[in-house]
Number of protein chains: 2
Amino acid sequence: MARNVEFNEATVIQKAMEVFWKKGYNATSLRDLTDAMQINSSSLYNTIGDKQELFVRCVQHYTDIRKQDWNKRLSSKRSPLSVLIDYIHEAVNVIINGEDSCMAVKSAFEVATNDERVKQILIADDQRSYQFLYDLIKKAMDKGEISNEEDPALLADYFNSTWTGWYESYILHKDPVKIKRMAEYFIKQLTK
Amino acid sequence: MARNVEFNEATVIQKAMEVFWKKGYNATSLRDLTDAMQINSSSLYNTIGDKQELFVRCVQHYTDIRKQDWNKRLSSKRSPLSVLIDYIHEAVNVIINGEDSCMAVKSAFEVATNDERVKQILIADDQRSYQFLYDLIKKAMDKGEISNEEDPALLADYFNSTWTGWYESYILHKDPVKIKRMAEYFIKQLTK
DNA sequence: TTAATTCTGAAACACTTGTTTTAGAATAAA
DNA sequence: TTTATTCTAAAACAAGTGTTTCAGAATTAA
């Protein structure tokens with residue numbers, strides 16, 4: 001028997017996420033957040049909680065989106081190898097067209113060592129990313145699309161950690177060709 | 001005709017670097033810094049400058065140390081391939097024994113997009129890292145220690161960006177075996 | 001309509017931030 | 001020793017930080 005929350009929580013988390021994503025956790029102030037979210041700090045503290053809690057929700061939201069993408073790709077009827085190669089190409093596009101690098105990577109380096117909850121979310125995200133690669137590589141091997149000489153778990157691990165360096169490279173050099181060449185070499189290794 | 005600065009600048013920069021390295025730029029306060037450096041903020045501002053300037057010097061110092069290490073390794077009389085493999089093994093040891101990841105990587109993601117000077121220092125550092133790898137790979141190819149089928153520039157670029165992902169992996173999983181396995185695969189690719 | 005409840009906005013909170021001021025101690029050259 | 005200069009320590013600075021308070025507006029169910 002009382003009024004309801006005026007704002008849509010999902011919308012507001014999305015807005016906050018964009019600010020955190022761009023500026024990082026420590027460089028983002030509560031004013032930055034409430035300005036973007038268009039809510040008063042009292043509403044924020046009444047519903048979501050403090051800055052840390054909000055950040056946790058934002059990272060969770062960020063990884064949820066990735067999760068959906070991986071699931072969608074995994075349920076594709078197309079050949080495992082083509083799904084994998086498409087994914088690599090789209091990952092390259094995200095790197096060279098996105099403005100703010102990857103929030104998961106940035107948060108791993110800036111926050112994960114100090115915030116156990118953020119760390120756990122990123123571990124789960126990394127595990128899903130690994131599983132996505134592992135499933136495709138394994139299926140591609142079983143189908144004979146790629147050589148099965150190498151351990152698929154090792155390949156998945158190795159490739160899973162490769163993207164991060166591409167983000168760093170793009171921050172420093174802003175060179176799309178460099179990223180594309182590395183991606184082609186990456187694919188070549190996989191398919192030979 | 002006046003007194004001299006009491007503290008040793010190199011010592012003080014080293015101390016500041018350690019704090020920035022561990023906590024990151026934004027999470028480090030001036031008090032954190034002056035406590036570690038054991039100097040008053042007025043002395044800091046009189047000699048070095050503000051927080052940004054201090055950070056720039058610290059990143060410069062960090063990359064200077066790496067530069068020395070690369071030069072030392074490049075002047076080795078041993079075979080290029082063995083120098084390279086040694087370097088990879090020691091890089092792995094740094095990752096799994098170090099407590100605070102890599103300051104260059106952390107700074108690339110946290111600061112490089114907002115501070116042009118830091119970015120330029122990191123670009124120069126990255127260039128030296130690339131050149132180090134390129135020189136060894138090229139020499140190893142010329143000597144016939146490794147296959148020269150692949151473009152050494154591409155290999156150097158690719159390998160240069162690989163380490164970053166290993167740092168992220170180690171932050172999340174703290175799994176030395178995982179890093180070691182990736183390094184062995186890395187070497188295997190190089191030598192086959 | 002009433003009553004109970006929960007939300008919102010603005011202001012205030014205490015504390016921390018990066019930086020500057022100031023008074024005086026220290027020191028090198030004359 | 002004097003003098004000119006530059007250092008240092010402590011305090012003060014204004015602005016910004018994350019968070020809380022509180023009065024009142026809003027809303028739902030009775």
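Below, chains carry the letters A, B, ... as their sequence lines are ordered, and counting in each starts from 1. The structure displayed is predicted, hence computed values, not measured ones.
- Both B:Lys51 and B:Ser42 sit near DNA chain C, but only B:Lys51 has its closest nucleotide nearer the 5' end.
- We find that CZ of B:Phe7 is positioned 9 Å from P of D:dC7, with the value rounded to whole Å.
- A donor and an acceptor atom sit less than 3.5 Å apart, one in the side chain of B:Asn40 and one in the base of D:dA10.
- Within the structure, every side-chain polar atom (N or O) of A:Tyr45 is placed at least 4.0 Å from both OP1 and OP2 of D:dT20.
- As rounded to whole Å, 8 Å separates atom P of C:dT20 from atom CG of B:Asp50.
- Using a 4.0 Å heavy-atom cutoff across all strands shown, B:Thr34 reaches no nucleic acid atom at all.
- Nucleotide C:dG18 holds its C1' atom 15 Å from the CD atom of B:Glu53, rounded to whole Å.
- Between the side chains of B:Ser43 and B:Asn40, no donor N or O sits under 3.5 Å from an acceptor N or O.
- Taking each heavy atom of A:Leu54 and A:Ile48 in turn, the nearest pair found is CA-CG2, 4.0 Å.
- Between the side chain of B:Ser41 and the base of C:dT20, a donor-acceptor pair under 3.5 Å is found.
- Judged by atom type and distance alone, B:Arg31 reaches the base of C:dG18 through a side-chain donor-acceptor pair under 3.5 Å.
- For the pair B:Ser43 and D:dC7, the criterion of a side-chain N or O lying under 4.0 Å from OP1 or OP2 is not met.
- As a whole-Å value, the separation of A:Ile48 CD1 from C:dT8 P is 11 Å.
- A residue-by-residue look at A:Thr28 and A:Asn46 shows that A:Thr28 has its nearest nucleotide of DNA chain D further toward the 5' end.
- Considering every non-hydrogen atom in both A:Tyr62 and A:Ala104, the closest pair reads CE2-N, 3.5 Å.
- Atom CG in B:Leu33 sits about 16 Å away from atom P in C:dT16, given to the nearest Å.
- Look at CG on A:Leu44: it is 16 Å from C1' on D:dT21, rounded to the nearest Å.
- Under 3.5 Å, the side chains of A:Glu184 and A:His89 contain a donor-acceptor pair of N or O atoms.
- Whole-Å rounding puts the A:Leu30 CG to C:dT16 C1' distance at 14 Å.
- Within 4.0 Å of A:Ser29, counting heavy atoms only, lie sugar-phosphate atoms of the nucleic acid but no base atom.
- Protein atom CZ of B:Phe55 is 17 Å distant from nucleotide atom P of C:dT17, rounded to whole Å.
- The shortest side-chain heavy-atom distance between B:Ile121 and B:Asp125 does not fall under the 4.5 Å cut-off.
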